[in-house]
Amino acid sequence: MKFKYTIIAVTIAASLNNFKAHAQADIKDAFKFATGQTDVMLTETAAAKAKANNAKLVEPRNLDNNGNLHIVNAGDWCSGFFPGWLWYLYEYTGDKKWLTEAQTYSSFIESEKNNTGTHDLGFEIYCSFGNGYRLTKDPAYKEVIIQAAKSLSKRFNPTVGAIRSWGAIGQPKFTVIVDNMMNLEMLFEATRLSGDSSFYKIAVTHANTTIKNHFRADNSSYHVVNYDQETGKVIEKVTAQGYANESAWARGQAWGLYGYTTCYRETKDKVYLEQAEKIAHFILYNPELPKDLIPYWDYNVPDKAVQSRDASAGAIAASALLELSTYSKANSKLYTAAANKIIANLKGYQPAPGEGKGFLLLHSTGSAPAHSEVDVPIIYADYYYLEALIRKQRLHDHQSVVKQ
Ligand code: GLY
């Protein structure tokens with residue numbers, strides 16, 4: 001594959017050696033900051049819960065523009081990220097304090113394993129119980145993952161060849177968003193854990209349908225594709241959280257990158273590796289990508305000077321690129337260097353220690369068109385930031401990037 005903008009590639013790759021020498025110290029410092037912030041987050045979460053006096057509000061999600069901590073219920077698509085954050089702290093530190101907190105916060109959302117009304121079960125259950133099972137092999141967690149995979153599979157439509165993202169099962173308009181690529185990892189794991197190959201087949205079919213219909217000639221992706229659920233025909237390709245139907249919503253590109261990297265890990269099908277590489281190159285060689293490699297919320301939004309960044313898109317891409325670097329022979333150094341640069345630059349997005357109600361990263365953007373969560377800390381940015389730090393450490397230690 002021939003790529004343009006070789007100078008950018010060389011510049012990114014040249015920075016690799018600078019980061020190598022500091023790998024462990026940087027990560028140690030980042031986790032020192034993270035553990036201090038997590039103590040703050042736990043205190044702030046307890047205070048916000050007490051104030052709300054609503055037992056259904058269980059997990060922190062974001063700060064609003066006035067700096068108030070927003071706590072959500074188990075059914076919120078972001079409910080699994082704080083448990084996952086705690087599992088990553090336990091993984092890195094080995095401190096039982098974080099194990100206990102991770103178990104507690106995971107338990108708050110176990111009921112979601114039976115929810116067939118959302119496609120977000122991968123985010124909810126795999127970031128929490130998936131990491132929990134990976135680190136503890138608790139058989140009860142295994143059952144939670146398998147049950148969640150069964151619930152998610154109910155949203156699969158063989159005529160469309162995809163899992164329904166939004167809307168109730170049976171609704172004529174069948175919506176699939178690129179974010180849904182993130183829910184497949186749980187299905188692959190469920191097949192491994194249960195021996196039931198139907199989860200694997202659903203994941204592969206969904207990934208293939210998404211390659212066919214979500215991507216443009218320049219390898220960017222649409223956010224939303226609506227299908228006719230009876231015929232499987234594409235009705236329209238549009239956006240919900242991006243600037244325009246034909247624009248590239250930044251987090252969507254990161255979800256695709258991460259999703260296809262995972263699909264390659266699970267299947268070893270080169271089509272997925274190539275798709276991940278194409279997305280990586282759309283991101284890394286994009287003239288609209290700022291020098292610090294943290295994108296604005298949409299690559300094509302005009303008037304960048306007044307637009308917000310999306311730190312979460314940077315963190316997700318960093319984590320994905322570290323894994324992709326272990327599969328992509330030709331671009332391994334480029335991806336590692338880019339990921340390390342993002343990780344280093346995200347330091348500039350952190351609050352002062354003890355501030356930000358315990359969040360690790362400021363400046364994410366949830367949905368700019370809806371004026372929702374614009375330029376605020378959002379929990380998934382922190383989750384993928386911690387994941388990227390752990391992956392960086394594992395690469396430094398010559399271990400598989402994803403601990404099994
Ligand atoms: N739907 C997930 C996201 O906002 O990225």
Side-chain angles (χ1 to χ4, degrees), residues 59-64 70 72-82 84-85 109 112 115 117-128 152 155 162-167 174-186 206 210 214 220-226 237-244 247-262 279 283 294-299 301 307-320 359 361 363-385 387-388:
E59 308 281 355
R61 168 166 169 156
N62 63 6
L63 293 188
D64 65 22
H70 183 205
V72 293
N73 60 33
D76 187 280
W77 82 271
C78 293
S79 66
F81 293 117
F82 189 55
W85 160 337
I109 65 168
E112 277 303 289
N115 187 353
T118 178
H119 78 133
D120 287 317
L121 288 190
F123 285 122
E124 295 175 30
I125 296 296
Y126 206 63
C127 296
S128 53
L152 180 59
R155 297 180 71 78
I163 298 163
R164 178 192 286 274
S165 295
W166 294 337
F174 190 102
T175 298
V176 180
I177 60 174
V178 70
D179 325 25
N180 207 336
M181 286 301 302
M182 297 298 288
N183 294 310
L184 306 184
E185 190 173 9
M186 180 173 76
H206 182 97
T210 302
H214 259 83
S220 66
S221 77
Y222 288 93
H223 182 204
V224 180
V225 176
N226 286 315
K237 302 185 180 190
V238 291
T239 196
Q241 284 159 263
Y243 163 65
S247 74
W249 173 51
R251 196 162 55 259
Q253 313 314 304
W255 290 144
L257 173 66
Y258 193 114
Y260 283 102
T261 303
T262 305
I279 302 168
I283 293 173
I294 315 297
Y296 288 90
W297 64 272
D298 191 295
Y299 286 93
V301 67
Q307 300 298 335
S308 58
R309 301 290 188 99
D310 184 9
S312 78
I316 296 158
S319 184
F359 280 95
L361 298 175
H363 309 303
S364 287
T365 297
S367 180
H371 306 290
S372 170
E373 299 178 300
V374 177
D375 198 16
V376 294
I378 313 180
I379 198 87
Y380 43 82
D382 295 2
Y383 172 87
Y384 289 101
Y385 173 60
E387 182 180 87

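Here, residue 1 is the first one in the sequence, and each next residue gets the next number. Numbering of ligands and ligand atoms starts at 1, following listing order. Quantities reported herein were computed from a predicted structural model and do not represent experimental measurements.
Here the NE2-CD1 distance, from H206 to I163, works out to 5.5 Å after rounding to the nearest 0.5 Å. With values rounded to the nearest 0.5 angstrom, I283 atom CD1 is found 4.5 Å from Y299 atom OH. Here the CD1 atom belonging to I379 is positioned 6.0 Å from the CZ atom belonging to F82, to the nearest 0.5 angstrom.
Residue, atom and distance of the protein heavy atom nearest to atom 5 (O) of ligand 1 are R251 NE, 2.6 Å.
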Practice item. Given ring pair (Phe, Tyr, Trp, His ring centres under 6.0 Å), test Y380 with F123 step by step and report yes or no. Key: CA-CA 9 Å; Y380 43 82; F123 285 122; 7.8 Å; no

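The shortest distance between side-chain heavy atoms of W77 and R61 falls below 4.5 Å.
Close approach of ligand 1 to Q241 is summarised as follows: ligand atoms under 4.0 Å from at least one heavy atom of the residue are 3 (C), 4 (O). Interface of D179 with ligand 1, defined as ligand atoms under 4.0 Å from a residue heavy atom, comprises 1 (N), 2 (C), 3 (C), 5 (O).
Residue W77 places a heavy atom under 4.0 Å from ligand 1. Heavy-atom separations between W249 and ligand 1 include at least one value shorter than 4.0 Å.
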